[in-house]
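Counting starts at 1 for both ligands and their atoms, following the listed order. As the structure is a prediction and not an experimental result, all values here were calculated from the model. Quick note: residue numbers are just sequence positions, from 1.
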Amino acid sequence: MPDGSTGARSGHALSLRNLSKVYGSLAAVDGVDLDVPRGSFLTLLGPSGSGKTTILMAIAGFVEPSGGSILLDDKDITRFPPDKRNFGMVFQGYALFPHMTVADNIWFPLKVRGVSKADASAKIKSALELVQMGHLAERYPSQLSGGQQQRVALARAIVFEPDLLLLDEPLSALDKKLRADLQWELKSLHQRLGTTFIYVTHDQEEALSMSDTIIILRDGKIEQQGQPGALYEKPATRFVADFLGKSNFLQGTVGEKKDGAFTYVCGGQPLVQVGAAEHTKVNGDVVVALRPEKIALSAERPAATNAVSGKITAFNYYGSAYHFQVQTEALGELIATTPAWTCQIEPSIGNTIWLGWEPDASVVVRDR
Ligand code: ADP
Ligand code: MG
């Protein structure tokens with residue numbers, strides 16, 4: 001633990017200041033500034049190659065930054081070796097020791113800190129119970145399922161009460177159902193421990209469901225950050241609207257502005273949009289992102305402010321929902337989803353349907 005001699009502790013467990021990592025001509029991490037609130041669950045989300053692992057490895061001390069600094073409780077730890085950082089880690093391929101039992105795997109981080117197995121036994125037991133593995137303490141890793149191994153890896157990462165837990169795609173190798181179960185467990189573990197978690201994933205649903213804060217990375221830079229709901233509802237860029245959930249993009253020319261809304265014309269079709277009027281110029285281009293679930297589907301022309309008709313070209317049934325592809329004349333192909341049990345239209349290819357949405361259902365995004 002930090003000794004607190006650096007004065008008042010800020011609300012941030014960890015901060016990155018202009019962090020960068022260059023490999024040859026590639027900036028894997030490019031001037032990242034980040035404050036991780038103490039006790040929060042913060043997720044780095046981005047496509048493959050966006051720099052997530054490199055940032056986490058730099059925080060852990062396994063990658064030496066090319067520039068910038070890493071602060072822990074306002075103390076500069078940029079040049080500290082990994083073992084002086086007291087961080088727990090669950091990394092991709094950071095496997096259990098195959099020749100040690102589950103209990104000995106969990107003891108290991110305490111052993112290297114000079115704690116005997118007898119003195120560690122209460123901590124080993126409670127770490128195992130936290131991850132619901134108490135009954136398998138004497139097994140070897142090869143005798144465990146993938147999900148059980150990940151639970152043990154988690155227990156090993158938290159048994160020494162680290163200041164920070166770093167997790168790099170810890171669930172990516174698991175099947176869908178087990179992943180969903182462990183997402184609940186990880187979140188509940190975070191709430192019970194109160195430790196700061198920094199989590200890496202490329203899975204947007206995982207990020208949305210688990211995080212207090214999501215950092216969206218693109219080409220080594222932060223594209224946007226915020227709470228899951230805020231990011232989902234107000235993506236600032238086309239990239240975020242597309243990566244976090246799905247979106248339709250309507251490109252048009254701004255017409256008239258009035259009362260915090262404006263009209264725009266997209267493929268000859270006039271549409272109305274609220275907000276972000278300061279970013280739009282009359283006769284300028286605009287890109288609007290419209291979530292598929294915010295489009296109401298109907299057989300007859302709806303009363304909605306924005307309404308277009310189109311033909312169903314494809315649809316998928318998911319039990320709980322239908323996903324439709326609809327070819328419209330003015331707006332091209334749109335995707336729309338609706339709960340299956342309240343679906344108001346006949347799901348059949350070639351069927352003509354109406355799509356309606358209000359001016360505040362969609363958002364203006366930057367397109368770069
Ligand atoms: P992510 O975890 O988001 O998939 P990484 O942080 O692993 O991304 O990688 C970011 C970029 O840096 C990628 O283009 C990757 O190829 C490159 N990179 C990562 N590590 C190295 C390395 N040791 N040497 C050269 N390039 C690297
Ligand atoms: Mg990675």
*Distance only, no hydrogens: is a donor on one side chain within 3.5 Å (strictly under) of an acceptor on the other, for R291 and S247?*
yes
_Over-ring placement of K258 relative to F262, 6.0 Å and 45° cut-offs_ = no
_Residues, nucleotides or ligands: over 12 heavy atoms within 6.0 Å of Q227 CD_ = no
*asked:* If the criterion is any heavy atom closer than 4.0 Å to an atom of ligand 1, which residues make the list?
replied: Y23, L26, A28, P47, S48, G49, S50, G51, K52, T53, T54
_Presence of N, O or S from T54 under 2.8 Å of the Mg ion (ligand 2)_ = no
*So, is the end of the R113 side chain (NZ or CZ) under 6.0 Å from the ring centre of F160 and within 45° of the ring's axis?*
yes
*Regarding E333 and T328, is there a side-chain donor-to-acceptor distance under 3.5 Å anywhere?*
no
_My understanding is that a hydrophobic cluster links ILVMFWY residues whose side chain heavy atoms are under 4.5 Å apart, including indirect links. Using that, what else belongs to the cluster containing L208?_
L45, I214, I216, L231, Y232, F239, V240, F243, L244
